[in-house]
Amino acid sequence: MASKICFWCFKRKDGRETCPHCGYTERAGERQAFQLMPGTVLRKRYVIGVRIGVGGFGITYKAFDVTLGLIVAIKEFYPAGLVNRAGGERRVGVFSGEKKIEFERQLQRFLEEARNMALFSKEQDIVNVFDFFEENQTAYIIMEYVDAPLLKDVLRKRRFSVEEAVGYMSALLDALEKVHQHAIIHKDVSPDNIFLTGENTIKLFDFGAARLQGTERTEAVVVKAGYTPPEQYTSTDAQDFTTDIYAAGAVFYEMVTGEKPIDSRDRVMQDELKPLAEYQIQADEYLERIIFKAMALDPKLRFQNTRQFKDALITRKKVRIPQEELIRIRRRKWIVAVASAVIILVAGTVVGLNLTVFSGRGKIDVTQIQAEELSAWILAGTDTKQEELVSRLSESATQVCPQITVHTEVFDAKEYENKLAQALEQGSLPDVFCADGVSWETCKEQCVELSSLLRTMQLEEYLYLDGMQKGEAYLLPTAVQIGVAYLSEEKEKTVPESVDIRQLAEQGAAVGFADEGNTDVFSRFQNLEDPLGWIVGDLSNLGQVEAVTVEAVPSTDFAAAPVTKDGKLIGNLKNCYAVKKSESENRQKAGMVLLSLLLSEGMQSAAYMDNEDGLPLNRSVLESYQENKLTTYLNFLQDYNLEEVEFYEGDCIAREIRKEVQEGESQ
């Protein structure tokens, strides 16, 4: 006999077979005997309706909260194999012995799930928990009822466009970030547990497998083939937030391809995860790289947190795939091993190191250099950096050539210009100095030709130095600046990914140039009534732009687009150092050894890892810079080949770009 209440919408249907309000008709065999009867009341408040889900650990019902007049979802703890219930009964029967012990342990896990979910009861992207309690010799979680399709059901019908998938994935990563901020690993991220609630909005649920980061694993292993990373298949392997990163990557893969990825255990034996091209997907290379990085079999090669994952998605960052990351790690380990060996050799016997690195025909033999006291002038922006550079240079000299004593002075760019001009006029140059701004003729007259140093150095370890041996060289660059257009997002609603130098003239009054000494463009950049919305400068201007935008009150935002020419980055070599000519050949060679140390890892890290003075030329340091120091504003550097920069003469790239723009305007 049909009931008076529809157990789907909980409105009166007056004994009709089909509900006139929602069209629901109860079908024979829809309810299993062990499930609660529709109409059962819990806590004198919750009326059980239709079963909407069942799994190995519980049954989920649609229900009605008579107190609030609200439809809810109720999850009943019913672990298969540990309990039973006769048809029409409310209480569950718990098996005895070890199964009863296991039931009690899993019951505590179920209640822990409720407590975990209750932490997020005010979040919009995580299913809310209203209450949880024990009754009928089991337990119940009262949850928000979400009237939205599950991702798994949508995936049965279609796959997602790249744009759709990125939008939903960004929302999922936002939800996971909130979970991880409470030190909780979800451990069951899959299409089964994600509601699609609207355009680019989701609700994440089912925290039954979740646990606190860093706690010991005592629960049963919960896995879902295709979404579970290899470390989760055992109860002994360490797990962390990257466990959820893998699962999210697998969900992303299925959304884009329409096919569930192969199981991670099979990938461990033979990794046959198909590239996106095999699914005829039109997507930029960045997308596949992001997915493959998220789904790396080794947790250390994945994104380490949701913020990294989402940032790569939003900025279309070209990340390293696991194979490239492994090569980089091996190379770094090799570099560290070599560096350690060098330090040991220096400490034990300087002669052995010097004969290996510095001796040979036409090269500098450090063992033959006699004791010298050298003076050096170097550039740095801050007092803290100045102290570090002095210390690093002295330590490096002591290790590589202990016969050299170094007296270093550090200057900022403004005071250095006058200091250098005075030294050139008076003939009082130091042994090693930054020669930015010094003419080529003056360098040939005042400085040592560096061919013997170039033959001594391993030039392939540095950007741009390989070609220097082809002609006379009096200067050794230590950094490269890249031309950048900084754009006010308040004034420019459309932000280009790059700006061709020929387009700058078309912007007219909207463009200003960050020439040395020209600081008023930054205050104008902040002024919303001023038409100036672009500042053309270089990487080192990032701090000045941030000071008048994101750090200002009220704050505004900006974007950075590279200035290009024929698709290549524009730049210039910066902080070019020279060795003063002297009567003593020994002193010249000592100066060249000291000069080479400005390209060492220690000096390059100290000088250029803060985005202030350009990019380091030491490849190892540049690699670390690209991995750790690229802000959202400078991520475009990942998309260009730094080996193919269009170089401009002069020590101020903004001034050189302005000249070319003005020449274009006059033609």
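What's counted below: heavy atoms across the whole structure, side chains too, no hydrogens, waters or symmetry copies.
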Between Glu135 and Val41, which heavy-atom pair has the shortest distance, and what is it?
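In this case the closest contact between Glu135 and Val41 is OE2-O, 4.4 Å.
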
Could you give me the CA-CA distance, side-chain angles and deciding distance for Met255 and Tyr168, then say whether side chain to side chain contact (heavy atoms under 4.5 Å, CB included) is met?
CA-CA 9 Å; Met255 291 175 74; Tyr168 284 122; 3.6 Å; yes

Kindly indicate whether the side chain of Val47, heavy atoms from C-beta on, has any atom under 4.5 Å from the side chain of Thr40.
no

Using distance alone, with no hydrogens and no angle criterion, decide if [X] and [Y] have a side-chain donor and acceptor under 3.5 Å apart.
X: Asn305; Y: His180; value: no
X: Asn136; Y: Thr138; value: no
X: Gln106; Y: Glu102; value: yes
X: Tyr253; Y: Glu259; value: no
X: Thr25; Y: Thr18; value: yes
X: Tyr145; Y: Asn128; value: no
X: Tyr140; Y: Tyr61; value: no

Below 4.0 angstrom, N of the basic side chain to O of the carboxylate: do Arg619 and Glu601 qualify?
no

Decide, yes or no, whether a salt bridge links Arg12 with Asp14 under the criterion of side-chain N to carboxylate O below 4.0 Å.
yes

One pair to check against salt bridge (Lys or Arg N to Asp or Glu O under 4.0 Å): Lys75 and Glu113. What are the steps and the verdict?
CA-CA 11 Å; Lys75 186 174 182 180; Glu113 174 190 2; 3.2 Å; yes

Spacing of Gln308 atom CD and Asp311 atom CG [to the nearest 0.5 Å]
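Between atom CD of Gln308 and atom CG of Asp311 there are 8.5 Å.
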
For the atom pair CG (Asp125) and OG1 (Thr201), what is the distance rounded to the nearest 0.5 Å?
9.5 Å

Could you tell me whether Lys62 sits above the aromatic face of Phe7, with NZ or CZ closer than 6.0 angstrom to the six-membered ring centre and within 45 degrees of the axis?
no

Is the charged tip of Arg105 near the ring of Phe103: under 6.0 Å from the six-membered ring centre and within 45° of its axis?
no

For Ile71 and Trp8, run side chain to side chain contact (heavy atoms under 4.5 Å, CB included): C-alpha distance rounded to whole Å, both residues' side-chain angles, the deciding distance at 0.1 Å, then the answer.
CA-CA 9 Å; Ile71 293 178; Trp8 183 261; over 6 Å; no

For residues Phe205 and Phe195, establish whether the separation of their ring centroids is below 6.0 Å.
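Ring-ring flag for Phe205/Phe195: true, centres closer than 6.0 Å.
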
Could you check whether the rings of Phe252 and Phe309 sit parallel, tilted or perpendicular, using 30° and 60° as the cut-offs?
tilted

For the residue pair Phe77 and Phe110, categorise the inter-ring angle as parallel (less than 30°), tilted (30 to 60°) or perpendicular (more than 60°).
tilted

Return yes when atom [atom1] of [X] has more than 12 non-hydrogen atoms of other residues, nucleotides or ligands closer than 6.0 Å, and no otherwise.
X: Arg267; atom1: CZ; value: yes
X: Arg307; atom1: CZ; value: no
X: Glu497; atom1: CD; value: no
X: Glu489; atom1: CD; value: yes
X: Asp147; atom1: CG; value: no

